[in-house]
J.: 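The structure is given below, and queries will be raised subsequently.
Just so we're clear, the structure is a prediction, and the values are computed from it rather than from any experiment.
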Amino acid sequence: MATNFGVSISTVSKAINDSHEISRDLKIKIQKFAKENHYRPNHVALSLLKKSTKTIGVIVPNILNYFFTQVFYGIEKTANARGYNIISCISDESYSKEKQTVNLLSTGTVDGIILSLSEETQGKGDVNHLMGLQDTQIPMVMFDRVSDKVDCDKVVVDDFEAGYKTTLHLLKTGCQKIAIVSAIYNSSVGKLRVDGYKKALEENNLDFNEKLIVKVGKNDDLELLISLLVADTEVDAIIALDEMTAVDSLNILKSKGIQVPGQISIVGFTNGRLSKYVSPALTMVSQHGQYIGELAANIMIDRIEYDGDMPYTTKLVKTTLIERDSTKSARSKISEYP
């Protein structure tokens with residue numbers, strides 16, 4: 001285009017961007033030519049010149065988990081409001097896919113990365129692929145599933161307290177044999193919730209029973225595991241550590257003629273749409289996913305745009321128990337759930 005008008009490339013760029021430095025007649029001619037020839041600016045080249053892409057990479061481990069969907073929505077909403085786009089990626093709970101995605105995004109594609117670690121990454125304890133981001137000067141915000149080995153901003157849920165308070169609530173309703181059904185047993189959040197559960201049992205002089213911890217792998221038959229649980233123990237409550245497991249557990253119990261909450265109470269994690277519309281409606285622990293996403297995005301953009309050193313911060317988000325029909329009413333008043 002510059003050759004056609006006998007001007008420099010910078011002059012063409014200024015004309016297309018309607019700069020006052022270019023005469024009106026020349027701007028009109030260049031802009032008309034660009035429109036007729038379907039000219040589109042090369043945003044990658046522009047971002048390299050400006051050293052900014054106005055884009056944030058987001059890596060979540062499982063998009064089918066409603067919590068991560070809520071977080072993603074919060075990130076996108078906030079980023080767009082502040083003039084940023086996002087590139088969404090899914091690790092599918094895979095260490096190798098997470099590593100590959102981080103390497104791809106760290107080549108100048110984005111200004112920063114927001115991520116939650118995959119279960120396999122946390123199981124391995126290997127976060128070397130994230131340590132390298134500091135060398136590339138790409139900021140990172142970790143949320144929910146984080147690693148203490150990585151120095152960066154973090155937004156975490158108080159999962160220990162969530163497990164503790166949820167167990168206390170069930171105990172106050174009269175439940176004694178409380179099982180945990182977990183499809184995220186290798187993740188930090190799953191372990192913290194179980195630790196909180198153990199503390200509540202200990203404070204109430206109840207022994208911890210390993211048989212009441214049901215670990216559900218990708219290829220496991222949940223119906224078989226639940227059947228064995230109710231056959232081998234006198235379980236009277238189930239804490240499911242994600243929404244889909246809670247819904248599936250409810251349906252399995254109902255298919256066996258077990259009354260919920262008459263015989264077995266159920267509490268799940270993540271207050272999604274499914275939990276509201278099953279029968280009976282499920283009592284859930286809300287992790288406030290959208291708020292976590294908004295918080296993570298604001299922290300990220302503040303760091304990108306801040307000129308100077310900024311200390312890393314860790315934000316702790318409390319959970320809320322949403323009581324519905326899958327649990328009995330508490331026998332006595334307990335302290336307010338945070």
Side-chain angles (χ1 to χ4, degrees), residues 65-67 159-187 189-202 204 206-217 220-272 274-287 319-331 337:
N65 185 317
Y66 189 71
F67 168 72
D159 286 291
F160 178 87
E161 186 175 66
Y164 172 74
K165 294 277 184 142
T166 301
T167 307
L168 276 187
H169 176 77
L170 288 169
L171 291 171
K172 291 294 183 181
T173 68
C175 297
Q176 293 288 302
K177 297 286 187 180
I178 303 170
I180 286 186
V181 180
S182 175
I184 53 170
Y185 51 88
N186 279 328
S187 71
V189 299
K191 292 174 181 177
L192 284 169
R193 291 170 193 171
V194 172
D195 287 344
Y197 158 86
K198 289 178 179 178
K199 180 185 177 184
L201 294 180
E202 182 182 352
N204 285 271
L206 294 172
D207 293 332
F208 170 71
N209 184 352
E210 188 70 42
K211 290 183 178 180
L212 293 178
I213 306 297
V214 180
K215 299 177 180 180
V216 186
D220 288 336
D221 184 336
L222 180 61
E223 183 171 0
L224 175 60
L225 293 175
I226 294 292
S227 298
L228 293 172
L229 173 68
V230 297
D232 293 348
T233 62
E234 297 177 353
V235 61
D236 53 17
I238 290 174
I239 301 174
L241 298 192
D242 65 89
E243 184 180 41
M244 285 305 301
T245 300
V247 172
D248 288 342
S249 297
L250 171 63
N251 289 331
I252 291 167
L253 292 179
K254 287 170 63 178
S255 70
K256 295 181 175 300
I258 297 173
Q259 295 180 358
V260 177
Q263 294 171 271
I264 297 179
S265 295
I266 299 179
V267 179
F269 272 73
T270 304
N271 185 35
L274 285 175
S275 60
K276 299 176 186 177
Y277 299 118
V278 292
S279 180
L282 285 164
T283 294
M284 301 295 283
V285 178
S286 174
Q287 299 147 274
T319 58
T320 304
L321 185 70
I322 311 296
E323 291 187 62
R324 298 197 182 99
D325 300 330
S326 65
T327 52
K328 302 170 187 175
S329 298
R331 291 179 176 177
Y337 203 94

J.: State, to 0.1 Å, how close Ile238 and Leu229 come at their nearest heavy-atom pair, and which atoms those are.
T.: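 Looking at all heavy atoms of both residues, the closest pair is CD1-CD2, 4.2 Å.
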
J.: Restricting to non-hydrogen atoms, name the atom on Thr327 and the atom on His169 that form the minimum distance, rounded to 0.1 Å.
T.: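 Minimum heavy-atom contact is OG1-NE2, 4.3 Å.
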
J.: Just checking Lys254: does its NZ atom have more than 12 heavy atoms from other residues, nucleotides or ligands closer to it than 6.0 angstrom?
T.: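 Counting other residues, nucleotides and ligands, NZ of Lys254 exceeds 12 neighbours.
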
J.: Can a donor-acceptor pair be found, under 3.5 Å and without considering hydrogens, that links the side chain of Asp221 to the backbone of Glu223?
T.: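 Yes, because the side chain of Asp221 sits within donor-acceptor range (under 3.5 Å) of the backbone of Glu223.
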
J.: Roughly how far, to the nearest 0.5 Å, is the CD1 atom of Ile226 from the CG atom of Asn251?
T.: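 Going from the CG atom of Asn251 to the CD1 atom of Ile226 covers 11.5 Å.
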
J.: Any chance you could measure Thr283, atom OG1, to Ile239, atom CD1, to the nearest 0.5 Å?
T.: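 Result: 11.5 Å between the selected atoms.
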
J.: Enter the distance from Leu212:CG to Leu206:CG here, rounded to the nearest 0.5 Å.
T.: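 That separation rounds to 10.5 Å.
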
J.: Locate the shortest heavy-atom distance separating Ala237 from Leu170; write the atom from each residue and the value.
T.: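 For Ala237 and Leu170, the tightest heavy-atom pair comes out as CB-CD1, 4.1 Å.
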
J.: Within this structure, what is the OH-CD distance for the pair Tyr66 and Gln287, rounded to the nearest 0.5 Å?
T.: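 Here the interatomic distance stands at 12.0 Å.
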
J.: Rounded to the nearest 0.5 Å, what's the gap from OG on Ser249 to CG on Leu225? Could you check?
T.: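 Answer rounded to 0.5 Å: 9.5 Å.
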
J.: Are Leu241 and Val189 packed together at the side-chain level, in the sense that at least one heavy-atom pair is separated by less than 4.5 angstrom?
T.: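 The answer is no, as the side chains (C-beta and beyond) never meet within the 4.5 Å cut-off.
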
J.: For the side chain of Ser326 and the backbone of Ile266, is there at least one donor-acceptor N/O pair under 3.5 Å apart?
T.: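 Confirmed, Ser326 side chain pairs with Ile266 backbone.
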
J.: Minimum heavy-atom separation for Pro280 to Asp325, with atom names?
T.: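 Here Pro280 and Asp325 meet closest at CB-CB, 3.7 Å.
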
J.: Residues two or more places apart in sequence or in another chain: which of them pass side-chain contact (heavy atoms from CB on, under 4.5 Å) with Ile322?
T.: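 Result, side-chain contact (heavy atoms from CB on, under 4.5 Å) vs Ile322: Asn271, Ser286, Thr320, Arg324.
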
J.: Between CG of Leu171 and CD of Gln176, what distance do you get to the nearest 0.5 Å?
T.: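 The CG atom of Leu171 sits 6.5 Å away from the CD atom of Gln176.
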
J.: Keeping Asp220 on the side-chain end and Val216 on the backbone end, is there a donor-acceptor pair under 3.5 Å?
T.: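 Absent.
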
J.: With a sphere of 6.0 Å drawn around NZ of Lys191, does it hold more than 12 non-hydrogen atoms of other residues, nucleotides or ligands?
T.: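 Yes - once you tally the heavy atoms of other residues, nucleotides and ligands closer than 6.0 Å, there are more than 12.
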
J.: Of all the heavy-atom pairs spanning Thr167 and Leu201, show the shortest one and how long it is.
T.: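 Of all heavy-atom pairs spanning Thr167 and Leu201, the closest is CG2-CD2, 4.2 Å.
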
J.: Determine whether a donor-acceptor pair (N or O, by modelled atom type, separation under 3.5 Å) exists between the side chain of Tyr197 and the backbone of Ile178.
T.: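 Side chain of Tyr197 to backbone of Ile178, a donor-acceptor pair under 3.5 Å: yes, one is there.
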
J.: Would you name the heavy atoms of Thr166 and Phe269 that are closest together and state the gap between them?
T.: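 That would be OG1-CZ, 4.4 Å.
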
J.: Got more than 12 heavy atoms from elsewhere within 6.0 Å of CD, Glu202?
T.: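 At most 12 heavy atoms, drawn from other residues, nucleotides or ligands, come within 6.0 Å of this atom.
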
J.: Could you verify whether a donor N or O on one side chain and an acceptor N or O on the other, from Ser265 and Lys328, lie under 3.5 Å apart?
T.: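 There is no such pair (donor and acceptor under 3.5 Å, judged by atom type) between the side chains of Ser265 and Lys328.
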
